Amino acid sequence: MNLKGTKFQLKVWNYLRKIPKGKVKTYLEVAKAIGKPKAFRAVANAVGKNPYPPKIPCHRVIRSNGSLGGYSRKGGIQQKRQLLKSEKVFIK
DNA sequence: GCCATGGCTAGTA
DNA sequence: GCCATGGCTAGTA
């Protein structure tokens, strides 16, 4: 798989690949995990540019308050919900 | 370089 | 308010 992007984006996407099926992380958790705890906003941007969804599971990132957050890929938010549902994750 | 733009967050009101 | 991007303007050379 040939990922192309900035250093930052690659860090984010690589981290996404480590989130196992059936689990979710928040944008803030991802930010912390890549060593940039205050870059949660930028993380959201990078996640949104995921080139290979759902192979790279950007759908497993949700908001800190437990709500879904967004999904700018094909199918939109419904698709995100559906993907999570198929992994037995239920979001409010 | 500057500025707007986001799949957001924590903390106030 | 946080912060990485991308587009676009000045303004220099």
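What you see below is based on every heavy atom in this structure, not just the backbone, and it leaves out hydrogens, waters and symmetry mates. The structure displayed is predicted, hence computed values, not measured ones. Here is how names work: the chains are called A, B, and so on, in the same order as the sequence lines, proteins then strands, and each is numbered from 1.
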Could you check if a side-chain atom of A:Asn14 sits within less than 4.5 angstrom of a side-chain atom of A:Arg17, using non-hydrogen atoms only? yes
Considering all heavy atoms, the nearest A:Tyr71-A:His59 contact: CE1-CB, 4.1 Å
Would you say that A:Leu83 contacts A:Arg81 through its side chain, given a criterion of any heavy-atom pair below 4.5 Å between the two side chains? no
Heavy atoms only, 4.0 Å cut-off, all strands: where does A:Ser72 land among base, sugar-phosphate and nothing? base
Please list, in numerical order, the residues of residues 8-18 of chain A that have a heavy atom closer than 4.0 Å to any atom of DNA chain C. A:Phe8, A:Gln9
Whole-Å distance separating the NZ atom of A:Lys74 from the C1' atom of B:dG7: 19 Å
Show me the side-chain donor-acceptor pairs of residues 45-55 of chain A shorter than 3.5 Å, one per line, residues at least two apart or across chains.
{"unit_1": "A:Asn50", "atom_1": "OD1", "unit_2": "A:Tyr52", "atom_2": "N", "d": "3.0"}
{"unit_1": "A:Asn50", "atom_1": "ND2", "unit_2": "A:Ile56", "atom_2": "O", "d": "2.8"}

Is A:Val24 linked to A:Tyr27 within one hydrophobic cluster, defined over Ile, Leu, Val, Met, Phe, Trp and Tyr using a side-chain heavy-atom separation of less than 4.5 Å? no
Taking all heavy atoms of A:Lys25 and all of A:Ile19, pick out the closest pair and write down the distance. CG-CD1, 3.7 Å
Which dot-bracket notation, 5' to 3', represents the base pairing of DNA chain C when pairs are defined as Watson-Crick or G-U with both distances under 3.5 Å, crossing pairs as [ ], and inter-strand pairs as |? |.||||||.....
Rounded to whole Å, the NZ-P distance (A:Lys49 to B:dT5) equals 14 Å
Does anything in residues 34-48 of chain A reach DNA chain B, meaning a heavy atom under 4.0 Å, and if so which residues? A:Phe40, A:Arg41, A:Ala44, A:Asn45, A:Val47, A:Gly48
Without decimals, in angstroms, what is the distance between A:Glu29 CD and B:dT9 C1'? 13 Å
Quickly, which of A:Val61, A:Leu28, A:Val30 forms a side chain to side chain contact (heavy atoms under 4.5 Å, CB included) with A:Val43? Name it, please. A:Val30
Across all chains, not counting sequence neighbours, the side-chain contact (heavy atoms from CB on, under 4.5 Å) partners of A:Ser72 are none
Flag side-chain contact, heavy atom, 4.5 Å: A:Leu3 against A:Trp13: yes
Tell me which residues in residues 79-92 of chain A put a heavy atom below 4.0 Å from DNA chain B, sorted by number, or none. A:Lys80
Within this structure, what is the NZ-to-P distance between A:Lys32 and C:dC3, rounded to whole angstrom? 14 Å
Determine whether A:Thr26 and A:Phe40 make a side-chain contact, defined as any pair of heavy atoms from C-beta on separated by less than 4.5 Å. no
Pair A:Arg60 + A:Glu87, salt bridge at N-O below 4.0 Å: yes
From B:dA10, C:dG6, B:dC8, nucleotide with atom closest to A:Arg63 side chain: B:dC8
Mind listing the closest non-hydrogen atom pair of A:Arg63 and A:Gly69 along with its distance? CG-CA, 3.5 Å
